[in-house]
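These notes concern the structure reproduced below.
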Amino acid sequence: MSKLQESLEQGKFTITGEVGPPKGVDLEHCMDKEVSYIKDRVVAINVTDNQSSVMRISSLSICTLLARQGLEPILQITARDRNRLAIQGDILGGYVLGIRNILALTGDHNSAGDHPESKPVFDLDSVSILTAMNSLKNGKDLAGQELEGVPGDIFCGAIVTPGADPIEMQLIKMERKIEEGAQFFQTQAIYDSKVFENFMDKASKYKVPVLCGIVIIKSAGMANYMNNFVPGVQVPDSMITPLKEASKEDRPKKSIELMVEFIKEVKPMCQGLHIMAMGWEKYVPELLDMCDL
Amino acid sequence: MVVNVPKPGKELIEMVSGYKSLFIVACGGCPVGCDSGGKPRIDELTEQLSKNGIEVEGSTEIDFLCNKALVGSKLIYHIEKLKKSQAVLVISCGIGVQATGNMIDIPVIPANDTLSSQGMQGLWPSSERCAGCGTCYLALTGGICPITMCSKSLINGMCGGQHDGKCEVENERDCGWNLIYIRLNELGKLENLKKLPRLRDYRKMDVPDKERTTTRWALEKAEIYSAPVLNSEKEEASNE
Ligand code: SF4
Ligand code: SF4
């Protein structure tokens, strides 16, 4: 059983982090900086899969390096770049390299990234990647062929957007993901504890652990960008104004304070946090200290 | 020619089960050429439905269902029968089913699976598109095509990129899944979303040889096609 699964099954408030692989083979920033800041404070670390459709080192490779260091990776798999043969191959390949946690995503469209001329695959999607994982866990591939050696203890994750509109559609999809074997959820970034509470009121009946997604807002500019361009994310004015008013030197401190406040509000509602620091990994320990986590 | 073939019987019965009364609309274009439409198919389906306890309130054949304006103007004559029907079974390619669905406020059910929309016929006079996925999902998606209206051709529902009803790919483009959601909500059929299959079968997009030899293709293969070759040319060829 993976450490992540163990932690959630024991009912511990569980924290995961996230790193994005570099574009190129210089690992210093990713492994020595980002990972080293957070590794002692999180149970497991997501590694993104060509995030935002921008080509980078594969998630599988960085996950393998993390596993070799004794850390606990969460392999993100999107449906954009590979068909069902390649995806199942990577799930099995990850398993033999020590990867137990896998998170299924549909993936952004190619048009958003740095290879807009590439072929969008989407043979599977966030739901059917879970179907594939569950099938492999039960000893058969998607075509029904028997496996030699069964990766029975893969821990299957998925994502959900608490601020999505229409929320009914989001909940129907969440239910579908659970039917296909999702064992934990990480959420898209959320900043409004009321919205999160409403979502958890509806989602807690599924009894599947939810880790609340935290993206530290670094500035008013970033908040506005997220409000305009990231679907399902709404940073309230009550967070933007204090950041606007803070001086440049005070801004990180203010950002952290605002996030601490939010985390304290949502902590009783969910089973953990998923922190996407996006370059602010060095502030994560301080943030968690202030939350007594 | 838009190649469309009858839906597998079991799948069709599954889709109509739950309805007590249906109206049948058939396209007089490609399906006739593909031997998957016309009067014989209307009769066959009427019989099949009655056997399954479903009343057929009426039926009509309209020349080209891909012409939405034509569909609207012809269906007006059947208003009374349509009012008595809970859904409309449409014998056509995916475009015809979508166009019909656009004109009425009850669910549409495709009687055929579309394999290909290549060639001369098969108009795209409006926003409806069919990619010939071979497994027409329109009965479950409120007559809106998830394959062509969703930029990622997803069948498991909306992705995280939808914002204000628009698609992540283009600010002005409607999110197909949002349209499906709105339509199913209006029809009171949101539970359809739970019935969609998880996986697509891409084999079904392939057009089998048998279906390649209908009408226009048949003409190409027939003797008549070599008629214009002059006798003198033939002689030359045989002398070489
Ligand atoms: S679901 Fe769409 S692409 Fe598939 S046959 Fe129907 S209309 Fe065509
Ligand atoms: S935003 Fe809507 S139409 Fe666009 S890819 Fe996602 S689900 Fe499909």
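Chain A is the first sequence line, chain B the second, and so forth, proteins listed ahead of strands; every chain is numbered from 1.
Heavy-atom distances place no part of A:Ser126 under 4.5 Å from chain B, backbone and side chain included. A:Gln188 does not touch chain B: none of its heavy atoms, backbone or side chain, sits under 4.5 Å away. Heavy atoms of B:Leu196 lying under 4.5 Å from chain A belong to its backbone as well as its side chain. Neither the backbone nor the side chain of A:Arg80 comes within contact range of chain B, judged by heavy atoms closer than 4.5 Å. In this structure, chain A has heavy atoms under 4.5 Å from both the backbone and the side chain of B:Ser151. Residue A:Asn110 does not touch chain B at all, counting heavy-atom pairs closer than 4.5 Å. When heavy atoms are compared at a cutoff of 4.5 Å, B:Gln162 approaches chain A by way of both its backbone and its side chain.
Comparing A:Leu142, A:Asp123, A:Leu130, A:Val230 by heavy-atom pairs within less than 4.5 Å of chain B, the highest count is held by A:Asp123. Counting heavy-atom pairs under 4.5 Å between each of A:Gly107, A:Pro166, A:Ala112 and chain B puts A:Pro166 at the top. Interface check for chain B: of the options A:His109, A:Lys173, A:Arg176, A:Lys177, the most heavy-atom pairs under 4.5 Å are formed by A:Arg176. Looking only at heavy-atom pairs under 4.5 Å with chain A, the residue among B:Met158, B:His163, B:Glu170, B:Arg200 that has the most is B:Met158.
Salt bridge present: A:Glu175 and B:Lys194 bring a charged side-chain N and a carboxylate O closer than 4.0 Å. Taking the charged nitrogens against the carboxylate oxygens, B:Arg198 and A:Glu180 do have a contact shorter than 4.0 Å, which makes a salt bridge. Note on A:Asp114 versus A:Lys23: salt bridge recorded, some NZ/NE/NH1/NH2 to OD/OE distance being below 4.0 Å. Classification of A:Asp192 and A:Lys194 as a salt-bridged pair fails, no side-chain N sitting under 4.0 Å from a carboxylate O. Here A:Asp49 pairs with A:Arg82 in a salt bridge; the nearest charged N to carboxylate O distance falls below 4.0 Å.
Proximity of B:Asn171 to B:Lys166: side-chain heavy atoms (C-beta onward) are nowhere separated by under 4.5 Å.
By the neighbour-count criterion of 12 heavy atoms within 6.0 Å, atom NZ of B:Lys81 is sparsely surrounded, having that number or fewer from other residues, nucleotides or ligands.
A:Pro162 and A:Ile167 get closest at one heavy-atom pair: O-CD1, 3.4 Å.
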